[in-house]
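Structure, as structure tokens:
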Amino acid sequence: MNEIKITLPDGSVSVEQAGKSVKEIISSWNEEAAKTAVAARVNDALVDLSYPIEKDSSIDVIDVASEDGLSALRHSISHVMAQAVQDLFDGVKVTIGPSIEDGFYYDFEYENTFTPEDLDRIEKRMADIVAADHPFERREVSRQDAVKLFEEKGETYKVELINDLPQEVKTVSLYTQGDFIDLCRGPHIPSTGMIKAFKLLNVAGAYWRGDERNKMLQRIYGTGFATREELADYLIMIEEAKKRDHRRLGRELDLFQVNDELGAGLIIFHPKGALLRTIIEDWERKEHLKRGYDIVLGPQILKGDLWKKSGHFDHYRENMYFTEVEDQLYGIKPMNCLSHMLIYKSRIRSYRDLPLRYFELGTVHRHEKTGVLHGLLRVRQFTQDDAHILCTPEQLNDEIRAIAEFVDDAMKIFGFEYEVELSTRPEKSIGSDEDWNLATSALEHALKDTDMVYEINEGDGAFYGPKIDFKLKDVLKRKWQCATIQCDFTLPERFDLHYVGPDGERHRPVMLHRVILGSIERFIGVLIEQYAGAFPVWLSPVQAVVLTVTDNHIPYGEEVYRQLMDADIRVQRDFRNEKLGYKIRESQIQKVPYMLVIGDKEVDAKTVAPRQRDGQNLGPMGVEAFVSMVRDKCEKFE
RNA sequence: GCCGAUGUAGCUCAGCCGGUAGAGCAACUGAUUCGUAAUCAGUAGGUCAGGAGUUCAAAUCUCCUCAUCGGCUCCA
């Protein structure tokens, strides 16, 4: 027998006999670590614990609590689920079943549909499989043998997967637990008995390989954790997240509605929602003027020919609404850029005029497929905080960096974390390769210059240019695109824009499309969830409520209310003949930051007694003191 | 758009195998005048999403449409 050197996780080196399994080696090194190990990393490759080591190697333990460990566990649970489904239902074909961020899924082809009751049955069968403690056994076979095996089983999707592997792949790995065999890269946990906590969550449709031209499969989502406690916590977290759902809070806080009668994907803002939106828009206007933007306004419908000129008619038509005015085709704008182009073109521009930054809170309409509509987050009419910057190629980098800083400032003020993606040329696009390369590298350089961490999103750019996307996460961890910066060489070309350079010659400006918050509707949706409806004082549509203890206190309550109104505090009054506790409860549920209780003490001392939304009492203070406290918070965006 | 589920009072939900609707909260009215998360009593409120069909009879069964929810695809 050969002896080999194994570098253990703590850096020590152990001499072992070749052919020992990872599990044996870990066990002899640290019994405790072996208990919660689900897989291992040998020379940076993920392997099963049963993996035999034949040569000098270094080993890392993948604990079930680690990210890789948890995903191996969840992936193993998905195999168990597939086994249970095949046991229970005839004619099911398995496809793929990976672990995902919060759990796992498995896609099946099955002539009938899975019901919630079926999920219960599947869970029970899974529990049996777990109890049987089947080991996950790996074996390598030639791809020909694998194809033969899955053909015999009628697993046509697996056959397709193997056939689509690159030519150089000669063997594939199979995992077996009990009588269930699956094509799988692994690694898996040692045996089904290690599964302690799992739950199936829901059934959904999903296209085979994510392509809408393919067959619709049935996807069962589930989750799993190392312990029952963690699973219970997760399920509680899901319930809590539902309470923050902006659609629910939008109704409870009386911010907005969507109405069947009026139309899908169209938002009606109620007084408080409209006020919140106005506060945000006022902030936007101020902030843009401060940063050298000009506020402009364009019309809602523009002639069809203009959309043809811009390329929207050819590349964006299916998302647009059209109307006819006296036999002329008009397009309802899905973007704001065209008016801005025409403003630029309204006179001759010198290089001294650039950059020009046109800002518009522009309301656009886009035809979205019915299935994608979602509260405020995905709608058919929305208002963008849109701007188009026209500049020289030399100014591009500075402009992009300034926008990135603008986004960062805004996100800090509103309290969001975000991720950055650079999206490159899509299949359906216009413009030359040269321009695309120029534009893409301009964006990339600016990102590098600002030290932003970003990912590349291949083929996800707009049809006219590449873009930088900033994505916010909502409470359910769904990512929503808000800010975006798009670099465009094409539209200035199509509209034949130019400026006179220092050389007296005509040159072509470059255009940046950009939004900071993106869609105001979507941003408000994410904002509601972020704060669970308890907006910071500066954003709260109602900042304070004046509450009287009895009717005797109404005259002074009225006086306080008046003073606060005059001081531009967003205040309401509740002078109803109800007990104080009742009125406090209502304002509390409405998440009003301050409740000003007016009783005998306040009337006598000419004070107010603010109670904060968190239950804390600030004690008596003069109205002026309260006003300056609120103003101070607003100035600091608190 | 696709797959599945759902649609009953303002909200949350009950209503079995078909016999023309019910609760709690909210609302309204009255009484109560009260100090930091729910005072008591009474009243009113529904073409059961819309349309068609089956039936003596439909919230309930069938079909179509619309909308919502969970996903997929797409996207600010």
Side-chain angles (χ1 to χ4, degrees), chain A residues 105 107 112-116 201-221 242 245 247-248 251-252 254 257-265 316 318-319 334-335 362 364 366-386 423 460 462 467 469-472 476 478-484 486 513-523 525-526 547-554 576-589 595-602 609-613 615-617:
Chain A
Y105 66 79
D107 286 349
N112 301 317
T113 57
F114 296 120
T115 64
L201 298 171
N202 51 357
V203 188
Y207 298 109
W208 167 237
R209 295 190 150 179
D211 189 326
E212 65 181 332
R213 288 165 300 195
N214 287 342
K215 193 174 166 72
M216 178 69 74
L217 306 170
Q218 291 188 68
R219 173 172 298 179
I220 301 180
Y221 281 95
K242 280 187 189 154
D245 191 311
R247 292 165 297 188
R248 176 189 174 129
R251 188 180 58 235
E252 288 175 358
D254 200 17
Q257 65 170 308
V258 279
N259 189 307
D260 287 13
E261 223 178 336
L262 182 131
Y316 206 72
E318 63 273 25
N319 290 301
M335 297 183 191
V364 296
R366 295 184 187 175
H367 177 69
E368 300 289 342
K369 294 173 179 176
T370 48
V372 307
L373 301 175
H374 183 94
L376 293 177
L377 300 182
R378 195 74 186 271
V379 294
R380 287 186 173 148
Q381 177 193 305
F382 56 100
T383 298
Q384 296 178 301
D385 57 341
D386 204 1
S423 297
D460 213 28
K467 54 181 188 165
D469 290 330
F470 299 77
K471 298 197 171 176
L472 307 186
L476 291 172
R478 289 172 299 211
K479 282 186 224 167
W480 294 98
Q481 183 175 319
C482 289
T484 173
Q486 306 173 350
H513 309 242
R514 51 103 282 187
V515 290
I516 303 297
L517 307 183
S519 139
I520 303 293
E521 283 79 358
R522 174 177 290 180
F523 188 77
V526 184
L547 306 173
T548 46
V549 178
T550 75
D551 288 356
N552 297 331
H553 308 119
I554 292 178
R576 288 175 305 171
N577 175 15
E578 295 288 351
K579 293 179 81 168
L580 182 61
Y582 181 87
K583 294 201 266 192
I584 286 188
R585 180 166 193 271
E586 283 204 351
S587 293
Q588 187 75 42
I589 289 167
M595 288 157 246
L596 305 179
V597 177
I598 306 293
D600 287 343
K601 278 183 278 181
E602 288 70 31
R611 175 198 201 271
Q612 286 184 166
R613 154 169 83 180
Q616 197 193 331
N617 259 303

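These values consider heavy atoms only, across backbone and side chains, with no hydrogens, waters or symmetry-generated copies. Chain identifiers are assigned alphabetically (A, B, ...) following the order of the sequence lines, protein sequences preceding nucleic acid strands; residue numbering begins at 1 within each chain.
Residues A/Ile520 and A/Phe382 have side chains not in contact (no heavy-atom distance under 4.5 Å, counting atoms from C-beta outward). Residues A/Arg514 and A/Lys467 form no side-chain contact, since every pair of their non-hydrogen atoms from C-beta on lies 4.5 Å or further apart. Using a 4.5 Å heavy-atom threshold, the side chains of A/Cys482 and A/Leu472 count as touching.
Donor-acceptor pairing under 3.5 Å, judged by distance alone, is absent between the side chain of A/Tyr207 and the base of B/rG71. Applying the 3.5 Å distance criterion, the base of B/rU33 shares no donor-acceptor pair with the side chain of A/Asn552. Contact of A/Arg213 with B/rC2 (side chain to base): no donor-acceptor pair of N or O atoms is detected under 3.5 Å.
Nearest nucleotide to the A/Arg522 side chain, out of B/rA76, B/rG1, B/rU39: B/rA76. Distances from the side chain of A/Glu578 to the nucleotides B/rU39, B/rG71, B/rU36 place B/rU39 closest. Among the nucleotides B/rU36, B/rU73, B/rU68, the one closest to any side-chain atom of A/Ala264 is B/rU68.
One interatomic measurement links the two molecules: CZ of A/Arg378 to P of B/rG1, which rounds to 13 Å at whole-angstrom precision. Residue A/Leu580 contributes atom CG, which lies 12 Å from atom C1' of B/rA38 at whole-angstrom precision. Across the protein-nucleic acid pair, A/Glu368 atom CD and B/rA67 atom C1' stand 17 Å apart, rounded to whole Å. If you take CE of A/Met595 and C1' of B/rU36, they are 9 Å apart, rounded to a whole angstrom. In this entry the distance linking CG of A/Asp254 with P of B/rG10 reads 15 Å, nearest Å.
Syn is the classification of B/rC17, since its glycosidic angle stays within 90° of 0.
OP1 or OP2 of B/rG70 sits under 4.0 Å from a side-chain N or O of A/Arg247. Residue A/His374 places at least one side-chain N or O closer than 4.0 Å to OP1 or OP2 of B/rG70. Proximity of A/Thr370 to the phosphate of B/rG1: a side-chain N or O atom is located under 4.0 Å from OP1 or OP2. For B/rA76, neither phosphate oxygen OP1 nor OP2 lies less than 4.0 angstrom from any side-chain nitrogen or oxygen of A/Gln384. Between A/Arg611 and B/rA37, a side-chain N or O to OP1/OP2 separation shorter than 4.0 Å is present.
Comparing A/Gly375 and A/Lys601, the nucleotide of RNA chain B nearest to each residue sits closer to the 5' end for A/Lys601. Between A/Arg219 and A/Arg366, it is A/Arg219 whose nearest contact on RNA chain B lies nearer the 5' terminus.
Under a 4.0 Å N-O distance rule, the pair A/Arg247/A/Asp245 qualifies as a salt bridge.
Between the side-chain ring of A/Phe114 and the base of B/rG4, no stacking contact exists by the 5.5 Å and 30° definition.
Of the possible polar contacts, one joining the A/His553 side chain to the A/Asp600 backbone as a donor-acceptor pair under 3.5 Å is found. In this structure, A/Arg380 contributes its side chain and A/Glu368 its backbone to a donor-acceptor pair below 3.5 Å.
A/Tyr221 comes within 4.0 angstrom of sugar-phosphate atoms only, judged by non-hydrogen atoms across all strands, and of no base.
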